[in-house]
There are 2 protein chains.
Amino acid sequence: MKTRRASGRPTIADVARLAGVGAITVSRAIRDPNQVSEELRNRIEEAIRELNYVPNVQAQILASGQSNVIAVLLPSLTNSVYADVIRGIYDKVAPTRFHIQIGNTRYSEQEEDRLVALFAWQRPAAMLLAGLDQSETTRSFLADAEFPIVQIMEHGPAIDMGIGCSHKDAARAAVTHLIDCGYRRIAFLGARKDPRMMRRRDGYREALAALPGAKPIELLTPEPSGVARGRALFSQLLDTATDIDAVACGNDDLALGALFECQARGIAVPEQMGIIGFNDLEMAAAAVPAISTVRIDRYEMGRRAIGMLLDRLEGKKVGEPIVDIGFDVIRRASTSAVDQGVSAARSAKGG
Amino acid sequence: MKTRRASGRPTIADVARLAGVGAITVSRAIRDPNQVSEELRNRIEEAIRELNYVPNVQAQILASGQSNVIAVLLPSLTNSVYADVIRGIYDKVAPTRFHIQIGNTRYSEQEEDRLVALFAWQRPAAMLLAGLDQSETTRSFLADAEFPIVQIMEHGPAIDMGIGCSHKDAARAAVTHLIDCGYRRIAFLGARKDPRMMRRRDGYREALAALPGAKPIELLTPEPSGVARGRALFSQLLDTATDIDAVACGNDDLALGALFECQARGIAVPEQMGIIGFNDLEMAAAAVPAISTVRIDRYEMGRRAIGMLLDRLEGKKVGEPIVDIGFDVIRRASTSAVDQGVSAARSAKGG
DNA sequence: CTGAAAGCGCTAACAG
DNA sequence: CTGTTAGCGCTTTCAG
């Protein structure tokens with residue numbers, strides 16, 4: 001007889017034997033207790049407790065063909081922005097039968113293509129992606145995937161479902177806030193050049209277009225973002241464009257860097273220089289002066305994205321497949337109403 | 001005939017049929033190509049490509065009894081400290097057959113107990129935990145687990161393997177650096193009160209003990225850390241202990257908050273107040289003045305921790321099971337050699 | 001509501 | 001080096 005190395009832990013058959021029922025009844029008692037009479041159910045639960053039985057997930061999946069994996073592909077695991085999203089994702093998934101499988105695309109389209117294909121072959125129950133800018137290959141590949149897909153961060157045409165906001169609108173609102181404060185020579189600082197960053201740049205351009213005579217002053221680097229990068233970029237900008245009176249930063253890291261550079265150069269914020277960031281990282285509120293920024297509820301976005309997937313997996317009717325989660329411009333001291341000098345500039349330039 | 005809903009995708013039997021070999025040969029060709037003759041191997045590879053065959057992981061695991069899951073339990077997914085560790089973990093695991101299953105213990109021992117039990121039942125291939133302070137229940141439960149376990153962050157007696165450094169020694173070195181710079185009335189700021197934080201506090205005490213006549217001035221809150229928290233705590237401290245000339249912060253968030261509070265109050269750093277943090281977050285170097293801190297290579301720690309697990313899983317001999325990854329005190333402008341006023345204080349107080 | 005049989009897709013064991 | 005057979009632990013199908 002070919003005896004096989006059993007795992008040693010109790011199986012459903014052990015429970016069935018102890019409870020004096022068939023294995024399938026135990027299986028039913030576990031998955032849908034209502035299908036089993038109360039008496040048997042009690043006997044089974046007793047046996048489960050006694051044996052310390054825990055179902056073998058692999059066997060469940062193999063037999064049922066139902067995966068319990070939700071694939072999550074994000075461009076960064078370090079960036080606080082995604083850390084908040086991840087927290088929301090995990091919190092929402094924790095009480096369910098599903099597990100998260102995270103992949104790091106490193107802001108690379110090729111890597112995203114590779115991971116989407118890799119994960120898709122594992123037949124996940126669902127998939128979560130960041131952004132709307134997947135490659136054509138990946139979009140068409142996923143378009144006829146049989147699992148639900150949600151794209152987060154941005155608001156727009158999604159493959160299946162989506163939740164996020166318009167980064168262009170958000171940046172436009174931020175820059176408009178600078179204009180409302182009286183700033184007139186407004187620059188834009190960007191890094192990494194990922195799709196969201198470029199859309200914020202576009203929003204900056206749109207806002208400036210509404211300001212007669214204003215010309216875009218932009219400095220973007222493909223290099224990763226960071227406080228040090230923000231400081232260096234802003235320093236470079238100040239050396240070139242000497243007459244700027246405000247800077248819209250593509251994120252709060254850059255904004256904090258810009259603030260530090262102002263401190264280092266003795267430039268008064270907000271009097272001589274207005275600064276606004278993006279993302280509302282925790283540090284922004286504590287800075288001196290506190291940095292104005294744009295807030296998106298990333299934790300909630302992560303939660304709701306998973307919620308949409310779960311609804312679909314449970315066959316529930318999902319409401320809107322494309323959700324705009326919105327944003328808030330957070331006004332703080334770094335963009336206070338300007339002093340007379342700049343007010344003068346307003347009347348001079350803005351008319 | 002009871003026909004069953006097949007998943008639709010090609011199975012190993014399909015490949016075997018197309019290649020004209022037995023299923024097991026395909027299985028071998030995939031797992032250990034050397035066991036199969038070159039001719040068959042080529043035919044099999046050809047068939048795999050043609051059918052676009054991808055092995056069913058669940059079936060592999062079920063049949064072999066070999067899990068491919070490495071459970072990772074961390075106290076936070078948001079904290080940059082763990083984000084770096086996570087990046088190291090994922091980078092090291094990516095090219096292997098293993099997957100990471102992350103759990104968030106939220107700095108709670110109860111939650112850690114719960115998740116360890118939950119994950120352990122799934123029979124992971126290995127487990128990674130943060131810190132050495134698991135509950136007695138969990139420690140003894142894991143002590144006779146059959147999978148390898150690595151504990152990261154701290155250096156000390158581990159359940160199985162460990163990699164990290166002594167946070168007490170690191171903090172002692174940081175405070176000693178303050179003393180070497182001439183600071184004499186040194187306070188300690190802490191938050192969250194997790195085990196590492198308390199060990200840093202102990203290191204602070206040890207360093208002060210070496211300073212004749214110095215008394216600890218400590219302010220710790222059980223609340224989560226953050227820049228705003230650091231600012232508030234330091235403000236509270238300044239209102240009470242008016243004569244402190246330096247502050248050792250349990251992490252860089254708090255240190256940046258302390259720096260901001262100094263800026264808000266017009267306290268000159270480093271002349272009137274020395275500040276040192278912990279962790280060397282990216283922002284610390286870019287602050288004005290740049291903040292001194294303690295660096296631990298968290299990315300490398302994550303990588304090596306997984307490396308230790310992989311070595312064990314592959315039956316390789318692991319070198320030292322308990323690794324001290326060390327730390328570096330990073331000296332920056334926030335703790336520059338002090339001016340005459342403080343030098344005077346030194347001779348007056350330090351003797 | 002309950003059960004026996006069949007089989008998910010793969011691999012360990014044994015034999016050649 | 002290759003194949004046959006049995007079976008991992010569970011759930012679906014079909015029959016009561």
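All chains are named by letter (A, B, ...) in the order of the sequence lines, taking the proteins before the strands, and each is independently numbered beginning at 1. FYI, side chains are in, hydrogens and waters are out, and symmetry mates aren't considered; it's all heavy atoms of this structure.
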(request) Determine, for B:Glu111 against B:Arg114, whether the closest basic-nitrogen to carboxylate-oxygen distance falls under 4.0 angstrom. (result) yes
(request) Figure out the CD/C1' separation between B:Gln122 and D:dG9, and round it to whole Å. (result) 14 Å
(message) Rounded to whole Å, please give me the gap between CD in A:Gln66 and C1' in C:dG9.
(response) 17 Å
(request) Would you check if B:Ile102 and A:Ile100 make a side-chain contact, meaning some heavy-atom pair closer than 4.5 Å? (result) no
(message) Let's go through B:Met161 and B:Ile149 carefully: what are the C-alpha distance in whole Å and the side-chain angles of both, what is the deciding distance for side-chain contact (heavy atoms from CB on, under 4.5 Å) to 0.1 Å, and is it a yes or a no?
(response) CA-CA 6 Å; B:Met161 299 184 287; B:Ile149 298 163; over 6 Å; no
(request) Nearest whole angstrom, please: distance from the C1' of D:dC10 to the CZ of A:Arg9. (result) 12 Å
(request) Grab the CG-P distance between A:Leu62 and D:dT12 for me, whole Å please. (result) 12 Å
(message) Which residues in residues 32-55 of chain A have a heavy atom closer than 4.0 Å to any atom of DNA chain C?
(response) A:Asn34, A:Gln35, A:Val36, A:Ser37, A:Leu40
(message) For A:Thr78 and B:Arg87, which I'm curious about, is there any donor-acceptor pair between the side chains at under 3.5 Å?
(response) yes
When the side chains of residues 52-59 of chain A are checked against the rest of the protein, which donor-acceptor pairs come out under 3.5 Å, sequence neighbours left out?
from: A:Asn56; atom 1: OD1; to: A:Gln58; atom 2: N; distance (Å): 2.9
from: A:Asn56; atom 1: OD1; to: A:Ala59; atom 2: N; distance (Å): 3.0

Determine all donor-acceptor pairs shorter than 3.5 Å in which one atom belongs to a side chain in residues 132-143 of chain A; sequence neighbours excluded.
from: A:Asp133; atom 1: OD1; to: A:Arg199; atom 2: NH1; distance (Å): 3.1
from: A:Asp133; atom 1: OD1; to: A:Arg199; atom 2: NH2; distance (Å): 3.3
from: A:Asp133; atom 1: OD2; to: A:Arg199; atom 2: NH2; distance (Å): 2.9
from: A:Gln134; atom 1: OE1; to: A:Gln151; atom 2: NE2; distance (Å): 2.8
from: A:Gln134; atom 1: NE2; to: A:Ala130; atom 2: O; distance (Å): 3.3
from: A:Gln134; atom 1: NE2; to: A:Gly131; atom 2: O; distance (Å): 3.3
from: A:Ser135; atom 1: OG; to: A:Asp113; atom 2: OD1; distance (Å): 2.7
from: A:Ser135; atom 1: OG; to: A:Asp113; atom 2: OD2; distance (Å): 3.2
from: A:Ser135; atom 1: OG; to: A:Thr138; atom 2: N; distance (Å): 3.1
from: A:Ser135; atom 1: OG; to: A:Thr138; atom 2: OG1; distance (Å): 3.4
from: A:Thr138; atom 1: OG1; to: A:Asp113; atom 2: OD1; distance (Å): 2.5
from: A:Arg139; atom 1: NH1; to: A:Leu132; atom 2: O; distance (Å): 3.3
from: A:Ser140; atom 1: OG; to: A:Glu136; atom 2: O; distance (Å): 3.1
from: A:Ser140; atom 1: OG; to: A:Thr137; atom 2: O; distance (Å): 3.1

(request) Grab the CG-P distance between B:Asn56 and C:dG9 for me, whole Å please. (result) 7 Å
(message) Given C:dA12, D:dC8, C:dC8, identify the nucleotide with an atom nearest to the side chain of B:Arg31.
(response) C:dA12
(request) Would you jot down, in residue-number order, the residues of residues 13-30 of chain B having a non-hydrogen atom under 4.0 Å from DNA chain C? (result) B:Ile24, B:Ser27, B:Arg28
(message) On the nucleotide D:dC8, are OP1 or OP2 found under 4.0 Å from the side-chain N or O atoms that A:Gln58 carries?
(response) no
(request) Could you tell me the separation between the CD1 atom of B:Ile12 and the C1' atom of C:dG7, rounded to a whole number of Å? (result) 16 Å
(message) For A:Tyr90, give me all partners under side-chain hydrogen bond (donor to acceptor under 3.5 Å, both in side chains), at least two apart in sequence or on another chain.
(response) none
(request) If a pair satisfies side-chain hydrogen bond (donor to acceptor under 3.5 Å, both in side chains) and one of its residues is in residues 304-314 of chain B, list it, with sequence neighbours excluded. (result) B:Asp160-B:Arg312
(request) Quickly work out the B:Gln60 CD to C:dG9 P distance and round it to whole Å. (result) 13 Å
(request) Return yes if some donor-acceptor pair links the side-chain N/O of A:Ser64 with the main-chain N/O of A:Gln60 below 3.5 Å, else return no. (result) yes
(message) Nearest whole Å is fine: how far is C:dG9 C1' from A:Trp121 CH2?
(response) 16 Å
